[in-house]
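What follows is a single structure, written as structure tokens, with notes after it.
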Amino acid sequence: MSHEQTAHATAEKYDFAAIQEKWLPVWDALKPFATDDATDERPRKYVLDMFSYPSGDLHMGHAEAFGLCDVLARYWRQRGYNVLHPVGWDSFGLPAENAAIKRGADPRDWTYGNIEQQKASFRVYAPSFDWSREIHTSDPEYYQWNQWLFLKLYEKGLAYRKASPVNWCPNDQTVLANEQVVDGMCERCGAVVTKRNLTQWYFRITAYADRLVDDLTQLEGAWPAKVLSMQRNWVGRSTGADVVFGIEGRDEPVTVYTTRPDTLFGVTYMAVAPDSALAAELAAGATSAVQTEFAAYLEKTKTESDIDRQSTDREKTGVFLDRYATHPLTGDRIPIWAADYVLADYGHGAVMGVPAHDQRDLDFARALDLPVRVVVAPDGTLTDVDDPAETGTALSGDGLLVNSGTFDGLSKDEAIDALTTALGEAGAGETATNYRLRDWLISRQRYWGTPIPIIHCDSCGEVPVPESQLPVKLPAAEGLDLRPKGTSPLGGADDWATVDCPSCGGSARRDSDTMDTFVDSSWYFLRFLSPNSDEVAFDVAEAKKWAPVDQYVGGVEHAILHLLYARFMTKVLHDYGYVDFEEPFTALLNQGMVLMDGQKMSKSVGNLVEFADQMHSYGADALRVTLAFAGPPEDDIDWADVSPTGSTKFLARAWRIAHDVSSGPGIDVSTGDTALRKLVHHFLADVPDLIESYKFNVAVARLMELVNVTRKAIDKGPGAADAAVREAAETIAVALNVFAPYTAEDMWELLGYEPTVAHVEWRQAEPALLVEDEVTAVVQVNGKVRGRLQVSPSIMPDELERLARGDANVQRAIGEAEITNVIVRAPKIVSIATAR
RNA sequence: GCCGGUGUGGCGGAAUGGCAGACGCGGAGCACUCAAAAUGCUCUGCCUUCACGGGCGUGUGGGUUCGAGUCCCACCACCGGCACCA
């Protein structure tokens, strides 16, 4: 196949490389997707991909995500919407720094070099981006607004510093947010995460816990059910009661949280987290033997990694503190233990032990020989109950109360209400809600991120950098030691770090930590609306016009991290009055992963499918069609199962139709072949619903069908000059723009039009052409298809039944049997039931 | 343990409760060709029949219905998320 021969509109053969080369410069000049809405009255749609982290060239995952998102962007444009489809780079982050350390280079050079590479690849892959709004989160023009946001949160007490045990990655030598610890390991490098006690910056996301859960109902149906469920799990809201226990020898009582106040009479011990202040205090008031034992236990707890500590099948341990609590209703003495299965930072760091009805408590009680008292029995009597102390299985189900004084006989739900009320009357408890969610730890002891705009002054304490002094620019990497060492490299930039206190003018130092890069991505979708403003983070009026994002596309790996943070930040901005909505992304599509031979692609496995190689072999269009056609977009695609060659064949067939059409543009299509026109108009009527419900694979199938039938019409039907053939070819070109823009543009030119087909509106189906003159009616006998009849769609039911009964094959199926029932749904079906 | 999801040909996958397997991959045969590639055409769920046809068939077992891949109940398998969260 020779390029010279085919790089013209007169080419005889489909040549994807020539077509790409031909149209790229045309599109570069045309800038068809710049969204300039000053005078545009059309309805708007904001279609966005999760932006790319520039860690190298694009890979197949990008091809899928950006390809599918582009289907939607191009589609909505052709449906008459003013579509905003911007592109940017999530360009701060650890990998840049690690790569830079490895190569002895500047993270800035590495990052911006990768961006250039990805841009060049994107240009050829040709998503319909508005390049004029490109942003980089690592530019001071962007990150100064991270700092501005930080100050806004700080003003409201939503950004604060505290000393606390934090997740520490010993490999990357930095702290991690809870969301970045996966199975006890660092999300980035896989090292086992340990705990350190450090003073760090937090965003108070827990203040928004209820709204983060409640507002998910707004997204029901528009976000994948899986993501909604993951977000609910992550916030982990539970309701129950706080119960107050008096402590012998201590003035202050201790409050515990329980979801099962109905089991209050089953309490046989109390357990406190060994690493809590309460445990230390209780132990300090006990005998020296207890103190020694406790100290050893605490030491052991601290040195254990989270993985060890959280393994559920391990033996329960604890230390009796020789202290006692008093049961709020019975007045019984309750022994107090320190046990490492109790977490210091959930609830109140202490639990009431109900071994009979909680598996963990039962395991603990059995290991340490504590009593087990059943207080909820399935049928309200103890006689038939398997003793959990014997079986080792806690009774966690429903039942009626026993052994619970005046509460005996109540159901579980009744008892929860009754006991909570009783506790309230006794001043010993109330309904309470708890969350698994923790505040968002945003400090990072690394270089390549947004400097935290705080100055530490010996006399004034922490002083926010005045807004007028933003941005606090990142100092040059040159001369700084970027290697992980547990403190931020910025601390080594003395010239940068040493400043006058904005408050007292004395000598002070800048905070040397940088922000978690998820801060950058928590609001970037708003920056696209006024990307060049140096007055505001984003223009409120532009946000009113464009935001929230109507269609968001990205991987499910961000189901909690990015999406939760972006939802949080949106609510914060809403409360400040900067935006008038509370959810940033009204619809979300999670595309699946691209696999090879059933597993994730990786260099080490040796199953890497390179984006650049695929582009070279098949081109952008075939790649995009292959990804769209492979299956439902949410499902993973195994590259071993798909056929880019098949896609190329399809595109060549489509292209050849435009090439073969022999009528001129503007011909009166109504004179064309009716059968073909009907198919075209059914296509026009059906495909929008398919695309809007993300059934891209089915939409492509319908396009293939249309191409096949049009080919037949040219070769064996009305021929290449027929007006319906032109109508079909134009329809194919317009629809194909959504999936394969180069081929579509070339077809459009072959059909005698000017670029660009991307601006041609989807045609309306003519209702008259959607009506069939004849349909197939099916005749079933006892549920089995026994006959098919060609009938008019307006046939009367009794006429259809008469025809059905007259069908020879139907009669044979009925035989001598007596007909007991006949259902007629004209014109589709006749269902005959016989006595059997 | 809790939550969510998925089970359809050799494979990827279609199917508002109404013809299961659209579309494609793979396979077989044919045409064109000296030949091959490319392209085009025909066939392709399993069993049975020369054929017309018939039987079976959407993870398993029940149920609702004239009619179930689709709805209901129970179960099995696999995938994903959360998890000593009280």
Side-chain angles (χ1 to χ4, degrees), chain A residues 1 13 182-183 224-234 236-238 240 243 256-260 263 271 273 309-314 316 339-343 345-354 357-361 363-364 394 396 434-438 556 559-560 625-626 629-632 634-638 640-647 649-650 652-653 656 689 695 697-708 711-712 715-716 776-788 808-809 812-813 819-825 828-834:
Chain A
M1 194 181 291
K13 228 166 139 56
V182 178
D183 293 332
K226 179 181 178 175
V227 176
L228 297 176
S229 135
M230 284 168 75
Q231 294 236 342
R232 282 193 187 97
N233 279 337
W234 191 263
R237 180 167 65 188
S238 73
V243 184
V256 301
Y257 171 72
T258 179
T259 54
R260 292 292 304 276
T263 63
R309 198 172 163 183
Q310 287 171 5
S311 107
T312 29
D313 50 358
R314 108 193 155 129
K316 293 265 187 299
D340 67 3
Y341 81 94
V342 180
L343 306 176
D345 58 355
Y346 184 78
H348 304 285
V351 302
M352 61 183 217
V354 186
H357 303 292
D358 182 279
Q359 191 59 47
R360 294 154 308 188
D361 293 350
D363 294 343
F364 184 75
S396 54
N434 251 294
Y435 307 89
R436 217 186 64 95
L437 185 71
R438 301 282 178 277
V556 75
I560 11 201
V625 167
T626 302
F629 183 60
E634 304 86 351
D635 291 1
D636 291 345
I637 297 173
D638 193 331
D641 291 335
V642 299
S643 171
T645 314
S647 302
K649 269 168 75 171
F650 156 65
R653 283 164 66 78
R656 202 152 60 84
D689 286 345
K695 292 180 175 179
N697 56 329
V698 185
V700 172
R702 293 293 300 275
L703 201 40
M704 289 172 164
E705 187 188 24
L706 182 57
V707 166
N708 291 342
R711 181 79 254 157
K712 272 207 177 77
D715 292 344
K716 297 182 177 168
T776 304
V778 173
V779 188
Q780 294 184 341
V781 179
N782 294 325
K784 289 195 167 60
V785 178
R786 298 298 184 183
R788 294 185 174 85
N809 209 39
R812 181 167 44 191
I819 294 176
T820 54
N821 193 6
V822 180
I823 307 279
V824 182
R825 294 275 178 272
K828 290 182 77 174
I829 201 152
V830 178
S831 183
I832 299 170
T834 69

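Given the structure is predicted, the values throughout are model-derived calculations rather than measurements. Below, chains carry the letters A, B, ... as their sequence lines are ordered, and counting in each starts from 1.
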Between [options], spot the one nearest the side chain of [X], thanks.
X: A/Y346; options: B/G24, B/A86, B/G4; answer: B/A86
X: A/K695; options: B/A86, B/G81, B/A15; answer: B/A15
X: A/S229; options: B/A83, B/C3, B/G24; answer: B/C3

Review point. 5'-most contact on RNA chain B: A/S831 or A/I560, nearest heavy atom basis?
Key: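 Going by which nucleotide is closer to the 5' end, it is A/S831.
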
Practice item. Let me know, please, whether A/D641 or A/A350 comes out on the 5' side of the other along RNA chain B by nearest nucleotide. Key: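 Final value for this comparison: A/D641.
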
Revision key, fill the gap. Its contact letters, B for base, S for sugar-phosphate only and - for none at protein heavy atoms under 4.0 Å, make nucleotides 59-65 of chain B read -------

Check your understanding: How would nucleotides 50-55 of chain B be written as a contact map, 5' to 3', with B for base contact, S for sugar-phosphate-only contact and - for no contact, using protein heavy atoms under 4.0 Å?
Key -> ----SS

In the structure I gave you, are the side-chain heavy atoms of [X] and [Y] within less than 4.5 Å of one another anywhere?
X: A/V556; Y: A/P224; answer: no
X: A/K695; Y: A/D689; answer: no
X: A/D345; Y: A/R438; answer: yes
X: A/V778; Y: A/V830; answer: no
X: A/I829; Y: A/Q780; answer: yes
X: A/R825; Y: A/I823; answer: yes
X: A/R656; Y: A/R711; answer: yes
X: A/V779; Y: A/I832; answer: yes

Exercise for review: Give a yes/no answer on whether the side chain of A/N697 brings an N or O atom under 4.0 Å of OP1 or OP2 in B/A14.
Suggested key: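 Yes, because at least one side-chain N or O of A/N697 sits under 4.0 Å from OP1 or OP2 of B/A14.
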
Practice item. Treat a base pair as Watson-Crick or G-U wobble with both distances under 3.5 Å, then lay out RNA chain B in dot-bracket form, 5' to 3', with | for cross-strand pairs. Key: (((((((..(((.....[....)))((((((.......))))))((((....))))..(((((..]....))))))))))))....

Which value, in whole Å, describes the distance between the [atom1] atoms of nucleotides [N] and [M]?
N: B/C73; M: B/G81; atom1: P; result: 27 Å
N: B/G62; M: B/U39; atom1: P; result: 50 Å
N: B/U8; M: B/C2; atom1: P; result: 26 Å

Please work out if [X] contacts a base, only the sugar-phosphate, or nothing of the nucleic acid, heavy-atom cut-off 4.0 Å.
X: A/P224; answer: nothing
X: A/K828; answer: base
X: A/N708; answer: sugar-phosphate
X: A/S238; answer: sugar-phosphate

Check your understanding: Does A/K316 count as lying over the ring of A/F364, i.e. NZ or CZ under 6.0 Å from the six-ring centre, within 45 degrees of the axis?
Key ->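 Because its charged atom misses either the 6.0 Å distance or the 45° angle limit, A/K316 does not stack over A/F364.
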
Check your understanding: When syn is taken as a glycosidic angle within 90 degrees of 0, is B/G69 syn or anti?
Key ->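 Anti conformation here, the glycosidic angle of B/G69 being more than 90° from 0.
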
Point to revise | Heavy-atom donor-acceptor pair, A/S643 side-chain to B/C25 base, under 3.5 Å | key: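 In this structure, the two groups form no donor-acceptor pair.
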
Practice item. Tell me, with the steps shown, if A/S238 and A/Y257 meet side chain to side chain donor-acceptor pair (under 3.5 Å). Key: CA-CA 10 Å; A/S238 73; A/Y257 171 72; 2.7 Å; yes

